[in-house]
Amino acid sequence: MKIYNTLTGKKETFVPLYQGRIDMYVCGVTVYDVCHIGHARSAVVFDAIRRYFRHRGYDIRFVKNFTDIDDKIINRAASEGLPWDKVAEKYIKKYYEDMHRLGVADADLEPRATGHIKEIIEIIKGLVEKGHAYEIDGDVYFSVPSFPEYGKLSGRKKLEEMLAGARVEVDERKKNPMDFALWKSSKEGEPAWDSPWGPGRPGWHIECSAMVLKHLGQTIDIHAGGADLIFPHHENEIAQSEAYTEKPFVRYWMHNGFITVNKEKMSKSLGNFFTIEEILQRFDPEAVRLFLLQTHYRSPIEFSNEPLEEAEHTLERFYQSLERLDDFLMLPEGKHESSPAGFDDENGIIASFKKHFVQAMDDDFNTALAIGHIFELIKEINRFLDAKPAGAKAKELMSGAKRELLEAAGVLNVFNRTPSEWQRALLKIKKVVAEEHAVLKEDVQITKFEIDIESLIAERQKARESKDWARADAIRADLEKRGIILEDKQGKTAWRVKI
RNA sequence: GGCGGCGUACCCAAGUGGUAAGGGAGAGGUCUGCAAAACCUCGAUGCAGCGGUUCGAAUCCGCUCGCCGCCUCCA
């Protein structure tokens with residue numbers, strides 16, 4: 001398995017520190033506002049990667065933090081008129097709602113900065129004792145010159161060069177302009193914890209060092225996050241952690257690319273962001289997840305409606321094919337045996353799918369290629385079924401193909417509903433069912449709607465039998481206006497939601 | 001100013017030395033009462049441009065052009 005390591009700038013063969021086990025830490029979010037699609041990308045990508053590790057048989061310990069104390073939270077508390085910890089609670093709750101809808105599983109451990117003040121103070125004390133940190137007026141700073149390897153992650157070599165064009169406002173009291181805060185003294189009325197340097201709160205970077213150390217250990221296999229965390233956040237984490245433990249902190253650093261809007265990074269400050277909530281009002285969550293996984297995790301993704309609509313079409317294609325496959329598998333067996341030639345070849349698409357899927361994912365988690373393989377398999381299954389196969393052997397081949405398909409789908413956590421669940425979800429998201437009804441009594445209303453459709457289909461069927469094509473076509477056209485497409489198949493008429 | 005990334009068909013996108021995955025859109029065909037879906041066929045002699053290394057390059061090297069990111073909080 002190969003992983004691109006930001007530290008070396010290369011794809012490397014992945015070898016965990018302890019055989020069969022992986023310690024992985026992902027930087028989560030600062031909970032001062034709702035999440036946007038950029039946060040979703042990071043969460044979805046590392047969720048898929050975590051699932052893949054598990055699929056490959058690793059015992060993975062997966063930790064993702066919440067930053068629940070920080071200047072932005074304090075500011076937000078002031079503007080919302082809430083206590084700071086209520087602000088954190090509120091957005092943690094919202095985070096879970098959004099992420100669960102996107103199929104992001106909870107981490108094994110989801111520690112919060114404020115739950116680790118004791119450990120943070122311990123580390124800062126150690127760093128001061130070792131001469132890596134110093135106190136000024138209740139603030140404690142990390143001394144960057146005391147850690148010669150500083151800059152190794154972000155590729156920054158000379159501190160002077162970094163400062164030349166930088167837009168940093170330097171705090172005059174710091175010994176070196178690059179020094180960063182480990183502990184910040186609190187002003188009157190701000191949240192504060194007691195410390196050897198007086199009441200204060202932790203700096204941003206130190207929490208991750210403390211939580212990694214406490215929950216995973218001195219050296220971990222993988223540390224991940226968005227590419228914007230490389231500098232200064234992860235660079236600073238390395239400095240603190242390695243200065244404190246004198247051990248390598250992280251073996252593989254992974255960073256996901258940004259979501260862009262008009263080619264520019266989506267960000268709060270530019271105001272060009274779309275929240276997960278508003279996107280999910282218009283698109284199915286599975287389509288959003290698929291959209292995010294159809295591009296390699298390190299490449300930028302340009303955000304717009306079109307690829308999300310395409311993702312819905314892609315899902316439609318998948319579920320239509322799955323339904324067709326299910327229909328075939330439900331068919332009575334019969335004695336007749338007939339399978340088209342070539343489909344059960346050892347090197348054929350069906351037999352080699354699993355190998356290809358694993359190869360793609362083993363190569364730095366190429367989910368885009370892996371999804372490509374899924375659609376090669378879909379096409380092959382459709383081709384097979386087009387040839388009107390029959391008998392036990394054909395069924396065996398198809399049930400095997402279905403098993404492979406769903407196993408791969410499970411790893412990515414897309415394509416894992418039933419075709420009818422997908423259609424029901426579409427009924428809601430495409431607002432085919434009147435909104436007030438859908439909101440008031442979801443499933444009851446939808447079921448009634450489905451019964452209506454079924455009776456219209458029956459009426460149309462009668463018209464067709466008496467060759468009253470005008471009547472049959474009128475019913476079909478009427479349903480299409482309401483967002484329902486009818487498809488006449490062998491022996492039955494199926495309906496689906498128009499995308 | 002320093003460091004880094006990107007540029008593949010109409011659109012999205014994979015591909016880091018062996019002769020251009022996949023999806024969408026489009027054209028033609030099979031199927032269908034007609035459709036829809038599915039399937040088949042067609043579609044980049046070429047991967048921003050120029051030059052070089054090589055038996056062989058989208059893939060490596062150099063230069064040029066264009067776009068973006070980090071150096072401030074940021075997924």
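In what follows, every heavy atom counts, from backbone to side chain, and hydrogens, waters and symmetry copies are set aside.
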Give me the one residue out of A:R476, A:R496, A:K492 that meets side-chain hydrogen bond (donor to acceptor under 3.5 Å, both in side chains) with A:E487.
-> A:R496
In this structure, CG of A:L290 is separated from CG of A:N413 (nearest 0.5 Å) by 11.5 Å
With heavy atoms under 4.0 Å as the rule, sort A:L385 into base, sugar-phosphate or nothing.
-> nothing
If you find the nucleotide of RNA chain B closest to A:S154 and the one closest to A:P232, which residue's nucleotide is nearer the 5' end?
-> A:S154
Send over the distance from A:N272 CG to B:A75 P, rounded to a whole Å.
-> 14 Å
Take the protein atom CD of A:E235 and the nucleotide atom P of B:G4, then report the distance between them rounded to whole Å.
-> 14 Å
Please report, rounded to the nearest Å, how far the P atom of B:A38 is from the CD atom of A:E323.
-> 13 Å
Whole-Å distance between B:A36 P and A:Q490 CD?
-> 18 Å
Indicate, with a heavy-atom threshold strictly under 4.0 Å, whether A:G38 touches base, sugar-phosphate, or nothing.
-> base
Go through the structure and list residues passing side chain to side chain contact (heavy atoms under 4.5 Å, CB included) with A:A472, not counting sequence neighbours.
-> A:R460, A:A463, A:R464
Same-atom distance (C1') from B:A13 to B:A20, integer angstrom = 13 Å
Provide the distance between the two C1' atoms, one in B:A57 and one in B:C39, to the nearest whole Å.
-> 36 Å
B:C34 base / A:R476 side chain donor-acceptor hit below 3.5 Å | yes
Using a heavy-atom cut-off of under 4.0 Å over every strand shown, decide if A:I374 touches base, sugar-phosphate, or nothing.
-> nothing
Determine the contact category for A:G257: base if any of its heavy atoms lies under 4.0 Å from a base atom, sugar-phosphate if only primed atoms, P, OP1 or OP2 are that close, otherwise nothing.
-> base
Are the ring of A:F258 and the six-membered base ring of B:A75 within the stacking cut-offs of under 5.5 Å and under 30°?
-> no
Whole-angstrom distance between B:U59 and B:G51, as gauged at atom P = 14 Å
Indicate whether any N or O donor in one side chain lies under 3.5 Å from an N or O acceptor in the other, for A:N65 and A:E207.
-> yes
Sequence neighbours left out, what passes side chain to side chain contact (heavy atoms under 4.5 Å, CB included) with A:P300? Give chain and number order.
-> A:T260
Quiz item: A:D386 side-chain donor-acceptor pair to B:C40 base, under 3.5 Å | no
Interatomic distance at P, B:C10 relative to B:A44, whole Å | 10 Å
Any A:K265 side-chain N or O less than 4.0 Å from OP1/OP2 of B:C70 | yes
Secondary structure string for RNA chain B (Watson-Crick or G-U under 3.5 angstrom, | for other-strand pairs) = ((((((((.[[[..)..(...]]].(((((.......))))).....[[[[[..)....]]]]])))))))....
Among the nucleotides B:C39, B:A36, B:G33, whichever has the atom closest to the side chain of A:D488 is B:G33
Are A:H205 and A:H233 linked by a side-chain donor-acceptor pair shorter than 3.5 Å?
-> yes
C1' spacing across the pair B:U41 / B:C3, given as an integer number of angstrom = 50 Å
Find the distance A:K498:NZ to B:A37:P and express it as a whole number of Å.
-> 11 Å
How about A:F249 and A:H223: are their ring centroids closer than 6.0 Å?
-> yes
Protein-nucleotide distance (A:Q461, atom CD; B:C34, atom P), rounded to Å | 16 Å
Report the relative orientation of the aromatic rings in A:H39 and A:H36; use parallel for angles under 30°, tilted for 30 to 60°, perpendicular for over 60°.
-> tilted
Expressed in whole Å, how much space separates the P atoms belonging to B:G26 and B:G33?
-> 25 Å
For A:R471, answer base if it contacts any base atom (sugar-phosphate contacts may also be present), sugar-phosphate if it contacts only those atoms, and nothing otherwise; contact means non-hydrogen atoms under 4.0 Å.
-> nothing
Rounded off to whole Å, could you give me the CD1-to-P distance for the A:I73 and B:C73 pair?
-> 15 Å
Looking just at side-chain N and O atoms, do A:S185 and A:D139 make a donor-acceptor pair shorter than 3.5 Å?
-> yes
Regarding A:K268 and the six-membered ring of A:F273, is the cationic atom NZ or CZ under 6.0 Å from the ring centre and inside 45° of its axis?
-> yes
Return the value, rounded to whole Å, for the distance between atom NE2 of A:H234 and atom P of B:C70.
-> 15 Å
Ignoring hydrogens and angles, state whether a donor on the side chain of A:Q423 or A:W495 is under 3.5 Å from an acceptor on the partner side chain.
-> no
Base versus backbone protein contacts along nucleotides 12-25 of chain B [heavy-atom cut-off under 4.0 Å; B, S, -] | -SSS-----BSBS-
When the ring planes of A:F142 and A:F180 are compared, do they come out parallel, tilted or perpendicular, using 30° and 60° as the limits?
-> parallel
cation_pi(A:K265, A:F258) dist<6.0 Å, angle<=45 = yes
Rounded C1' spacing from B:A58 to B:G17 in Å | 11 Å
Check every atom of B:C68, B:C70, B:A75 against the side chain of A:K263 and return the nucleotide holding the closest atom.
-> B:C68
How far, in whole Å, is B:U19 from B:C71 if one measures between their P atoms?
-> 42 Å
Mind checking what makes side chain to side chain contact (heavy atoms under 4.5 Å, CB included) contact with A:K498, not counting sequence neighbours?
-> A:E480, A:I485
Tell me what A:N382 touches on the nucleic acid: a base, only sugar-phosphate, or nothing, going by heavy atoms under 4.0 Å.
-> sugar-phosphate
Interface with RNA chain B, restricted to residues 407-419 of chain A and to heavy atoms under 4.0 Å = none
Checking all strands, does A:D473 fall into the base, sugar-phosphate, or nothing category for heavy-atom contacts under 4.0 angstrom?
-> base
